[in-house]
Amino acid sequence: MSKVVRQEELIRTDWTLDEVREIYHQPFNDLLFQAHSIHRQFFDPNHVQLSTLLSIKTGACPEDCKYCPQSGRFNTGLQKEKLMRIEAVLDKAKQAKESGATRFCMGAAWRNPNDRDLGEVIEMIKGVKALGMESCVTLGMLTDEQANALAEAGLDYYNHNIDTSPEFYGDIITTRTFSDRLDTLDSVQKAGINVCSGGIVGMGETSVDRASFLHQLAILPVHPGSVPINLLVKVKGTPLDSVEDLDPLEYVRTVAAARILMPKAHVRISAGRMQMSDELHALAYFAGANSIFLGETLLTTPLPEEEADYQLFNRLGIQPEPVEVHPEDSGDTALFYNAAG
Ligand code: SAM
Ligand code: DTB
Ligand code: SF4
C-alpha cells in the first residue's frame, strides 16, 4: 500500500516504542526504501557532512563507562594527557579545515568540566569559529550556567550521548544515570545550543534495546541536530573488549531507523569505521547516514585514511556538504513510500 506523507507530518516527537520497534524490525528492503525516501526529501542524498575530532584532554576519567579506553578504572595502556594548549588545538583545527572538514569537535575525558577549564575551552571555541568552522565540544555533564556560557561563546553543537537504551544502560555505566544524561541535554537545548546525541551499538545489547535507544532520542522535545551512531571499538583492557561482533546489517538498520525517526538530523557513521567495508559504508549512506568523522583519529583510536574516504566518495558520486547548506523545511513537498507493516 502506498500513501502520501507531507514533510511536516514526518517530524514527530510522539513516537511510541511499539511504532519504533515495528520500523526497526520490518523487512530490510522495506526499511531501506522508507529511510532512503525520507532522506531524499530532507537532504541532498549525495552530500556527506565532514567533521574532525580532537581529544583535548585524554584519559584518567573517573567514570566507569565499560566501552571507554579513557576510563581511569581500566588498564588500556593509554597515555593520559592534560588539557591541550589553545594554540596546539587551533593548529589541528586549521589542518582539519584544509582537509575539508567544516566542523571541529573537541572532546575531554571529564565527568564534567570545572569552571577554570571551561574558560580555556571557551577560548578554543572562539578560535575555531574565527577560522570559519562550526564548533562542537563534548565535556561530560553540564550545569545550566555552564551551558549558557558555552552558548554565549558561540558554540554550535554540544555532544552528549545517551549511549544505549534505558533498560541496558545500567549494565554499561554505574557512575551516572540515564536521567543525568537527559538533564544535560535539557540544559544544552535550553541554552540554545544544537544537541548532538546518539550512542553505541555492538555492546551486547539486543535489537529491542537498539529500538528503545532510538525511541529515547526520537521523543526528546526537539530532535538532536546530529545523531552519532557509534559501532563499539573494542579496546583491549576495557570490560567490553571481547563482546561478540554485531551483525553489520544491524548497524545499517540502526542508521535507517534513526533517519526515519529524526528526518532532519545529520546521522553520523561515528566510531567503528575501521571495521566497516566500503560496501557497508555505501549501504549506510543509502540508509540515510550523511556525516562522518574525517581525519587520523577519533579521540584515541584510528580512523580510515582520508584518502580512502575521498576515494569512496568518488566511486559513489558523493560530495562533502557545504557548511551553509541546511535541510529545507518548506513542508509542501510530498513523499511516496510503502507504509511500514
Ligand atoms: N567524557 C565525555 C562524555 O562521556 O560525555 C565526552 C567524551 S566520550 C569519549 C564521548 C562518547 O564517545 C561516549 O559517549 C561514547 O558514546 C563514545 N565512545 C567512547 N568510547 C567508545 C568506543 N570504544 N567505541 C565507540 N564509541 C565510544
Ligand atoms: C561520538 O558519538 N563519538 C565520538 C564523539 N562523539 C566524541 C567519540 C568516539 C570515541 C571512540 C573511541 C576513541 O577513539 O577513543
Ligand atoms: Fe569518561 Fe566519557 Fe569515557 Fe565515560 S565515555 S569514561 S565519561 S571519557
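One-based numbering, in listed order, for ligands and for the atoms of each.
For the pair Leu299 and ligand 2, the shortest N or O to N or O distance falls below 3.5 Å. Not one N or O of Gln70 is nearer than 3.5 Å to an N or O of ligand 2, by distance alone.
Using a 4.5 Å heavy-atom cutoff, the side chains of Leu231 and Ile200 are not in contact. Within the 4.5 Å cutoff, the side chain of Tyr169 has heavy atoms near those of the Arg176 side chain. No side-chain heavy atom of Glu63 sits under 4.5 Å from any side-chain heavy atom of Ser71. Taking 4.5 Å as the limit, some side-chain heavy atom of Leu150 sits within range of a side-chain heavy atom of Leu118.
Residue contact check for ligand 2: Val233 places no non-hydrogen atom closer than 4.0 Å to it. Not a single heavy atom of Gly198 sits closer than 4.0 Å to an atom of ligand 2. Within the 4.0 Å heavy-atom cutoff, Cys61 does not count among the residues contacting ligand 1. Within the 4.0 Å heavy-atom shell around ligand 1 one finds Ala108. Between Ser270 and ligand 2 there is a heavy-atom distance shorter than 4.0 Å.
Aromatic rings from His266 and Phe43 are positioned such that their centres are separated by under 6.0 Å.
Of all protein heavy atoms, the one lying nearest to atom 9 (C) of ligand 2 is Asn230 OD1, 3.9 Å. Counting protein heavy atoms only, atom 21 (C) of ligand 1 is closest to Tyr67 CD1, 3.7 Å.
Shown in contact with Cys65 at under 4.0 Å from a heavy atom are these atoms of ligand 3, numbered in order with element: 4 (Fe), 5 (S), 6 (S), 7 (S). Those atoms of ligand 1 with a heavy atom of Arg176 less than 4.0 angstrom away are 3 (C), 4 (O), 5 (O). Less than 4.0 angstrom separates some heavy atom of Ala271 from each of these atoms of ligand 1: 25 (C), 26 (N). The ligand atoms of ligand 1 that sit less than 4.0 angstrom from a heavy atom of His160 are 5 (O). Counting atoms of ligand 3 from 1 in the listed order, those under 4.0 Å from a heavy atom of Ala109 are 8 (S).
At a heavy-atom cutoff of 4.0 Å, ligand 1 is contacted by no atom of Met141, backbone or side chain.
Of the candidates Arg176, Glu63, Arg111, it is Arg176 that places a heavy atom closest to atom 2 (Fe) of ligand 3.
Within the coordination shell of atom 1 (Fe) of ligand 3, defined by N, O or S atoms under 2.8 Å, Cys68 is absent.
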